[in-house]
Amino acid sequence: MQNNLLETPIEYLKGVGPQRGDLLRKELAIHRYGDLLNLYPNRYIDRTHYYKINQLVNSNSEVQIVGKIVHIKTVEQKRGKRLVATFIDDTGEMELVWFQGHKWIKENLKINVPYVIFGKVTSFNGLFNMAHPEMEFLEEHKASLRSAMQPVYPSTEKLANKNITNKTVNKMMQQLFVETQALFSETLPDSIVQELQLIPKNAALFNIHFPKNQELLAKAQFRLKFEELFYIQLQLITKNLIRKHKIKGHPFEVVGENFNDFYQNHLPFELTNAQKRVIKEIRNDLGSNAQMNRLLQGDVGSGKTIVALLAMLIAKDNGFQSCLMAPTEILAAQHFNGLSDLAKNLNINIKLLTGSTKTAERRIIHEELENGSLDILIGTHAILEDKVQFHNLGLAIIDEQHRFGVEQRSKLWKKNEIPPHVLVMTATPIPRTLAMSMYGDLDISVIDELPPGRKPIQTVHRYDSNRLKVWKFLKDEIAKGRQIYIVYPLIQESEKMDYKDLMDGYESISRDFPLPQYSISIVHGKMKPADKDEEMRRFAEGKTNIMVATTVIEVGVNVPNASVMVIESAERFGLSQLHQLRGRVGRGAEQSYCILMTGHKLSNDSKTRLETMCATNDGFEIAEVDLKLRGPGDIMGTQQSGVLNLHIADLVKDRDILQLARHIAIKILKEDPNMTKPEHQKMKQIFLELSKKKNIWNYIS
Ligand code: ADP
Ligand code: MG
């Protein structure tokens with residue numbers, strides 16, 4: 001019965017009414033009682049309690065503590081100085097930290113005088129600390145007035161203008177608890193509540209809105225975050241299972257002539273174990289009756305191309321066509337050349353289709369596609385045009401998936417009645433936990449091993465003022481026969497300026513590396529595709545020493561003899577972009593280098609990015625840092641960031657809970673795949689309601 005009550009339109013709540021109801025709907029998407037109940041506070045202000053240091057918990061809310069400073073020191077760091085004070089009470093010690101305003105603070109802090117400090121505590125290496133605390137002498141503090149522990153709710157400017165303050169929302173919440181008598185039914189199976197020692201739903205909701213103390217608040221947060229993530233995982237996992245059982249794919253039953261011939265006679269190198277494992281995973285998928293939907297992650301240079309080819313050979317052996325889509329013409333052309341070369345001893349028809357394919361050639365491609373004599377089509381978005389009709393598309397491979405929107409993928413899909421198997425290849429390592437929650441309905445294969453003999457790329461950060469030394473280094477490398485990339489940023493908003501930077505840079509490089517001793521290629525977005533290709537080709541063939549370019553070369557370009565990557569204005573690139581760019585070198589046997597050039601003025605985030613790049617070559621590690629700096633929304637693109645629409649959990653901060661939720665969801669579905677057990681009925685009901693409401697998991701299908 002409580003659940004019915006929660007469906008009541010919000011304006012019926014005493015104190016709301018039609019006008020406020022309208023505002024709540026528009027501003028906070030609160031339509032019904034239940035929506036208000038799920039409006040969780042962003043944070044809490046607690047000035048009723050004084051915490052002892054040994055009572056602190058990591059709940060990200062503000063606390064106040066009485067104690068005194070016993071020691072102050074300045075700590076030098078790579079990223080600037082910090083002022084650190086040791087603060088104690090009779091139960092323990094913690095640290096107070098300031099990043100700015102050291103001098104003034106240092107001069108005014110009193111040692112061994114009782115203070116009341118107030119702020120957020122976080123724990124680091126087992127020690128709690130508070131950054132930039134509010135501080136007051138205990139004496140003064142005693143004389144002033146304090147309000148009760150208060151939740152702070154999300155708000156908007158409009159709400160504030162209409163005088164719907166935090167206090168108003170708080171009152172509504174109280175009213176909601178009165179009208180519903182705070183009887184909210186349990187929403188998780190008993191077994192889970194017991195196993196994880198969760199507090200009951202009732203208590204969680206009460207304490208999230210009216211926390212009795214920090215400890216109960218932390219428990220309430222944990223319980224509600226877990227629940228939110230658990231139901232998402234339940235959706236994603238069942239969807240995946242359903243796809244495997246219900247969505248028919250073309251079963252590629254034979255692994256035949258072409259695959260075996262290539263595998264036994266024409267492999268240009270021994271596959272790494274990771275490649276072998278991934279090929280096996282793909283073969284299993286393709287051989288089953290279900291449609292494959294697999295994400296193949298592998299760092300730049302890990303050897304995804306040959307995996308793609310082997311998968312396409314299986315399609316061919318089963319009488320099906322394949323296509324491979326790349327985000328740029330250069331990349332598509334490179335795939336075409338690379339794959340044609342790999343498959344040169346096989347009897348396979350491979351063609352390239354891009355925006356600049358000539359009409360006559362295009363006509364042949366269309367014809368061969370339709371009559372089935374074209375086995376593999378490689379191309380750009382051009383493949384997606386309606387005119388392009390396959391005879392029987394059995395496998396679609398998409399390289400660098402983050403450049404293709406969901407819509408585009410599903411467009412490929414619509415080209416056939418039975419959907420083709422889909423393999424999405426990406427060199428942007430998405431941390432596994434995040435991949436699980438964003439792509440939980442995709443299977444994931446990871447190539448986590450580089451081909452043998454690669455020397456790790458050495459990365460350094462150099463200031464513009466040291467350019468002469470860098471240029472000298474480049475000349476030495478060129479003298480050894482190496483080739484060099486010099487990359488300039490091209491960010492859309494400042495395209496004109498960037499273009500000028502690029503051309504200025506090109507001119508000065510031309511002066512510093514003069515003909516005939518040196519020759520330089522240039523590639524940028526304003527050139528005609530044919531000219532770009534010509535320049536790329538000259539560089540790839542070793543006819544030029546230096547390639548000056550914008551980020552068009554970011555993905556995929558393969559010139560093994562190029563051993564130095566210079567990135568200009570490196571502070572303007574994102575981490576994953578820097579990592580992608582760096583991946584252009586280190587492909588041959590020689591030691592490779594990446595030089596990140598910047599001015600002296602750098603933000604903290606830029607410094608972190610540069611330090612990370614210098615510290616590691618591991619794409620997954622880099623992705624983790626990127627995730628922390630940017631948050632998941634940015635990484636996945638706006639399109640997908642809003643998709644999950646989380647009320648309380650945070651995919652980055654709550655990754656441990658996410659993992660736990662996934663683990664438990666898998667366990668439950670293993671025991672009871674159709675959720676038929678009596679103790680799972682409530683869960684099933686909630687699950688079904690959510691599936692109805694949020695038909696948003698269709699990223700790929
Ligand atoms: P990416 O995963 O970035 O697409 P590629 O498929 O382009 O990587 O492979 C990068 C380079 O490594 C290519 O020159 C390729 O020929 C080579 N390569 C791939 N696999 C192996 C292997 N197992 N042993 C040696 N070289 C390999
Ligand atoms: Mg590649």
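In listed order, ligands and their atoms are each counted from 1. A quick note: this is a predicted structure, and the numbers were derived from the prediction, not measured. Numbers for residues simply follow the sequence, beginning at 1.
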> Can you check whether I522's main-chain N or O pairs, donor with acceptor, with E535's side chain at less than 3.5 Å?
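Yes.
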
> Please find the pair of heavy atoms, one from V254 and one from N318, that lie closest to each other, and give the distance.
O-ND2, 2.8 Å

> Pick whichever of E270, Q275, R454 has a heavy atom sitting closest to atom 12 (O) of ligand 1.
R454

> By number and element, which atoms of ligand 1 are closer than 4.0 Å to a non-hydrogen atom of L271?
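Listed by number with element: 23 (N).
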
> I need the atoms of ligand 1 closer than 4.0 Å to a non-hydrogen atom of T272, numbered in the order shown.
23 (N)

> Treating Q321 as the side-chain partner and L369 as the backbone partner, does any N or O pair qualify as donor plus acceptor under 3.5 Å?
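Present.
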
> Out of G338, P451, A274, who gets a non-hydrogen atom closest to atom 25 (C) of ligand 1?
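Closest candidate by heavy-atom distance is P451.
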
> Does either side chain, that of H335 or that of D399, offer a donor lying less than 3.5 Å from an acceptor on the other one?
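Side chains of H335 and D399: pair found under 3.5 Å.
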
> Any atoms of ligand 1 less than 4.0 Å from a non-hydrogen atom of T305? List them with their elements.
4 (O), 5 (P), 6 (O), 7 (O)

> Numbering the atoms of ligand 1 from 1, which are under 4.0 Å from a heavy atom of S302?
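Counting from 1, the qualifying ligand atoms are 2 (O), 8 (O).
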
> If only atom types and distance count, is the side chain of N545 paired as donor or acceptor with the main-chain N or O of S519 below 3.5 Å?
yes

> Quick one: which ligand 1 atoms are inside 4.0 Å of a heavy atom on G301?
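Every atom of ligand 1 under 4.0 Å from some heavy atom of G301: 1 (P), 2 (O), 3 (O), 8 (O), 10 (C).
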
> Which atoms of ligand 1 are found less than 4.0 Å from any heavy atom of R587?
3 (O), 7 (O), 10 (C)

> If the test is side chain to side chain donor-acceptor pair (under 3.5 Å), which one of D375, N349, N258 qualifies with K316?
D375

